[in-house]
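Below: the structure, in structure tokens.
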Amino acid sequence: RYESQLQAVRLTVEDWGTGIPAEMREKLFMPYFSTKRHGTGLGLAIVQQIVSDHHGYVRVQEGAEGGTRFVLDLPAPLPSFCP
């Protein structure tokens with residue numbers, strides 16, 4: 001959805017799984033952090049870098065139903081000809 005006060009597009013993705021413990025949420029965007037045996041831990045670090053390169057923000061939160069929510073805000077100022 002478009003957040004007019006932020007002049008940004010907000011994309012929210014949420015699941016209703018078991019969630020991610022707070023101590024792990026703090027590390028999710030760190031390069032090489034993974035809870036999987038064969039994971040490289042680069043996926044979310046790359047996502048964060050791409051979003052940052054576009055002057056946006058990505059964050060992880062506890063979901064409303066106990067799962068996990070990822071929120072991405074990307075700048076999208078309205079053109080001057082839009083009301």
Side-chain angles (χ1 to χ4, degrees):
R1 70 176 183 237
Y2 186 73
E3 297 288 337
S4 58
Q5 288 185 334
L6 298 175
Q7 291 192 7
V9 173
R10 176 167 290 167
L11 173 66
T12 304
V13 179
E14 184 171 351
D15 69 25
W16 296 275
T18 58
I20 300 172
E23 61 273 5
M24 282 191 192
R25 284 196 305 262
E26 295 173 6
K27 299 176 185 177
L28 284 180
F29 298 104
M30 293 174 59
Y32 308 110
F33 174 77
S34 179
T35 60
K36 303 199 183 330
R37 187 170 187 210
H38 298 289
T40 62
L42 292 175
L44 289 174
I46 291 170
V47 167
Q48 184 179 44
Q49 185 62 54
I50 291 169
V51 171
S52 178
D53 287 349
H54 289 86
H55 309 287
Y57 302 96
V58 59
R59 59 196 174 281
V60 62
Q61 304 169 335
E62 184 175 340
E65 300 294 323
T68 303
R69 176 187 305 135
F70 284 87
V71 181
L72 287 88
D73 290 326
L74 294 168
L78 287 175
S80 59
F81 58 85
C82 288

Write out all pairs satisfying salt bridge (Lys or Arg N to Asp or Glu O under 4.0 Å) with one or both partners inside residues 38-50, taking only residues at least two apart or from two chains.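 Non-adjacent pairs meeting salt bridge (Lys or Arg N to Asp or Glu O under 4.0 Å): zero.
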Sort and list the pairs that fulfil side chain to side chain donor-acceptor pair (under 3.5 Å) and have at least one residue in residues 16-34, not counting sequence neighbours.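 Residue pairs passing side chain to side chain donor-acceptor pair (under 3.5 Å), neighbours aside: none found.
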Who passes side chain to side chain donor-acceptor pair (under 3.5 Å) against [X], sequence neighbours left out?
| X | result |
| --- | --- |
| Arg59 | Asp73 |
| Gln61 | Arg69 |
| Gln7 | none |

Is Leu44 isolated, or which residues cluster with it under the ILVMFWY side-chain rule of less than 4.5 Å, directly or via members?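 Leu11, Val13, Ile20, Met24, Leu28, Phe29, Met30, Phe33, Val47, Val51, Val58, Val60, Phe70, Leu72, Leu74, listed by chain and number.
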When clusters are formed from ILVMFWY side-chain contacts under 4.5 Å, directly or step by step, what else is grouped with Leu6?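 Direct or chained contacts put Leu6 with none.
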Going by side-chain contact (heavy atoms from CB on, under 4.5 Å), name the residues that satisfy it together with Arg1, two or more places apart in sequence or in a different chain.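 With sequence neighbours excluded, Arg1 shows a side-chain contact (heavy atoms from CB on, under 4.5 Å) to Glu3, Arg10, given in chain and number order.
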With sequence neighbours excluded, tell me which residues meet side-chain contact (heavy atoms from CB on, under 4.5 Å) with Pro31.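 Once residues adjacent in sequence are excluded, the partners of Pro31 under the side-chain contact (heavy atoms from CB on, under 4.5 Å) criterion are Leu42, Ala45.
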